[in-house]
Amino acid sequence: MTALDTAVDVLAAVLLLLGAFLCLTAGLGLVRFPDVLTRMHAGTKPQVLGVLLIMVGAAIRLQGRSVAWMLLLVAAFQLLTAPVSAHMISRVAYRRRHVRRDLLLVDELRTGGVVPDSVHRGDESADAPAGEPGDVLAESRREDQGRGPYPS
Amino acid sequence: MTVVSWLAYGMLGAGALLALVRLGAGPSLLDRVVATDTLLVIIAAGLAVHAGLERDPTVVPVLVVVSLLAFVGSVSVARYIGGMLVRFGDDSQDAGLPQAAAERTARTAQGDR
């Protein structure tokens with residue numbers, strides 16, 4: 001009985017440590033990676049696998065109580081909501097030019113005749129003078145003209 | 001269990017600090033959204049680690065609320081940024097420009113042709 005308890009505790013501790021390690025890798029990837037899509041790639045590691053591991057570990061430790069099912073509910077809810085938010089954020093990121101297109105291998109959303117800009121810029125400032133084309137668009141067009149047509 | 005709790009809280013805290021670095025330094029709003037999302041997930045994971053290691057079931061409802069809050073927050077900010085997009089020109093390529101600047105850009109493009 002005690003040997004079984006020890007084995008269960010060791011299993012739960014290993015699961016919790018694995019989940020915590022995934023959270024650490026998410027932080028490292030958020031700091032190191034170059035643009036929004038790759039940062040999302042790093043940041044969603046603990047969102048699904050890390051949360052699953054930690055919830056299963058905590059549910060093993062809390063077995064016999066009714067709240068253990070609530071932990072598994074949290075894990076199932078993460079599985080449902082993570083794709084939705086990731087889809088919306090990445091769609092907006094692509095449209096607002098926060099994607100390093102020079103680092104992409106395949107760009108299926110690229111429009112055919114238009115020369116796409118391959119530079120990465122920050123946000124347009126909200127109090128920019130309204131009469132002129134935005135700094136972001138003007139500068140990215142200038143760089144694209146210097147670079148020439150996109151190799152396809 | 002003491003070593004396990006030190007290791008787990010250490011890794012979670014380091015991850016949260018690095019996410020805070022990206023939250024402060026992120027060049028665009030979407031980087032900050034991604035960093036906030038990750039930070040809330042790490043906070044939820046820390047609560048669950050506490051609940052598991054101490055066998056303390058009182059923080060579990062907080063966990064449900066935090067995980068719901070992360071989803072609602074990131075989706076609403078993404079919707080808000082998506083509402084700032086304007087369509088201009090005939091290629092229907094989206095650009096994040098204010099309305100007057102988009103109209104002027106379309107006019108210069110027509111003048112070039």
Side-chain angles (χ1 to χ4, degrees), chain A residues 9 12-13 16-17 19-21 23-28 30-31 36 39-40 43-44 46-47 50-51 54-55 57-62 65 67-68 70-71 73-74 77-78 81-82 84-85 88-89 91-93 95-98 111 113-114 121-124 128 130-134 136-137, chain B residues 1 4 7-12 14-19 21-22 25-31 33-35 37-38 41-42 44-46 48-49 51-53 55 57 60-61 63-64 67-68 70-71 74-75 78-79 81-82 84-85 91 93-102 104-105 108:
Chain A
D9 272 355
L16 291 178
L17 282 178
F21 177 70
C23 289
L24 176 64
T25 58
L28 282 175
L30 274 181
V31 172
V36 175
R39 281 171 195 152
M40 272 177 58
T44 45
Q47 238 173 7
V51 162
I54 286 183
M55 295 305 160
I60 288 175
R61 288 280 291 177
L62 288 175
R65 298 179 174 85
V67 291
M70 211 183 276
L71 289 171
L73 184 73
V74 172
F77 194 74
Q78 280 288 329
T81 57
V84 179
S85 62
M88 297 190 65
I89 291 172
R91 189 178 59 177
V92 174
R95 290 186 181 170
R96 279 186 64 90
R97 305 155 192 275
H98 293 319
T111 53
V114 185
R121 293 285 170 236
D123 283 320
E124 194 77 35
E132 303 172 2
V136 175
L137 189 63
Chain B
M1 275 301 160
V4 172
L7 274 176
Y9 287 135
M11 286 193 283
L12 285 168
L17 275 181
L18 291 171
V21 167
R22 180 48 67 197
S28 72
L29 198 52
L30 286 164
D31 290 315
V33 173
V34 174
D37 219 357
T38 311
V41 166
I42 292 176
V49 165
L53 289 181
R55 293 189 197 275
V60 177
L63 207 65
V64 180
S67 77
L68 279 173
F71 171 64
S74 63
V75 164
R79 289 286 295 176
I81 302 173
M84 283 154 57
L85 295 171
D91 54 352
Q93 179 93 13
D94 285 316
L97 288 179
Q99 187 68 44
R104 160 137 183 195
T105 313
T108 21

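Quick note on labels: first sequence line is chain A, next is B, and so on, each numbered from 1. Predicted model only: the values in this text are computed from it and were never measured.
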- Query: Checking L68(B) against chain A: side chain, backbone, both or neither under 4.5 Å from a heavy atom?
  - Reply: both
- Query: At their closest point, which heavy atom of L17(A) faces which heavy atom of A8(B), and how far apart are they?
  - Reply: CD2-N, 3.7 Å
- State, to 0.1 Å, how close T38(B) and A26(A) come at their nearest heavy-atom pair, and which atoms those are. CG2-CB, 4.0 Å
- Most heavy-atom pairs under 4.5 Å with chain A, out of A48(B), S74(B), P57(B), belong to P57(B)
- Query: Under a 4.5 Å heavy-atom cutoff, which of V67(A), V84(A), I54(A), T81(A) has the most pairs with chain B?
  - Reply: T81(A)
- Under a 4.5 Å cut-off applied to non-hydrogen side-chain atoms, are L12(B) and L24(A) in contact? no
- Item | Proximity breakdown for V21(B) and chain A, heavy-atom pairs closer than 4.5 Å | side chain
- In terms of heavy-atom pairs under 4.5 Å with chain A, the winner among L63(B), L7(B), V41(B), V49(B) is V41(B)
- Task: Could you tell me which portion of Q47(A) (side chain, backbone, both or neither) has an atom closer than 4.5 angstrom to a non-hydrogen atom of chain B?
- Result: both
- Quick one: are M40(A) and D37(B) in side-chain contact, heavy atoms under 4.5 Å? no
- Task: For residues L30(A) and L18(B), determine if any side-chain heavy atom of one lies less than 4.5 Å from a side-chain heavy atom of the other.
- Result: no
- Can any side-chain N or O of R61(A) pair as donor or acceptor with the backbone N or O of A51(B) at less than 3.5 Å? no
- Pick from V74(A), L71(A), L62(A) with the largest number of heavy-atom pairs that fall under 4.5 Å of chain B: L62(A)
- Query: Where does M55(A) contact chain B at under 4.5 Å (heavy atoms): side chain, backbone, both or neither?
  - Reply: side chain
- Task: Sort V33(B) into side chain, backbone, both or neither according to what part of it lies under 4.5 angstrom from a heavy atom of chain A.
- Result: side chain
- So how far is it from R39(A) CZ to R22(B) CZ, rounded to the nearest 0.5 Å? 3.5 Å
- Message: Counting only non-hydrogen atoms closer than 4.5 Å, does V31(A) touch chain B with its backbone (N, CA, C, O), its side chain (CB onward), both, or neither?
- Response: both
- Name the region of F21(A), side chain, backbone, both or neither, that has any atom closer than 4.5 Å to a heavy atom of chain B. both
- Scored by heavy-atom pairs under 4.5 Å with chain A, the best of A25(B), A16(B), G46(B), A45(B) is A45(B)
- Given side chains that start at C-beta, do those of C23(A) and M11(B) come closer than 4.5 Å, heavy atoms only? no
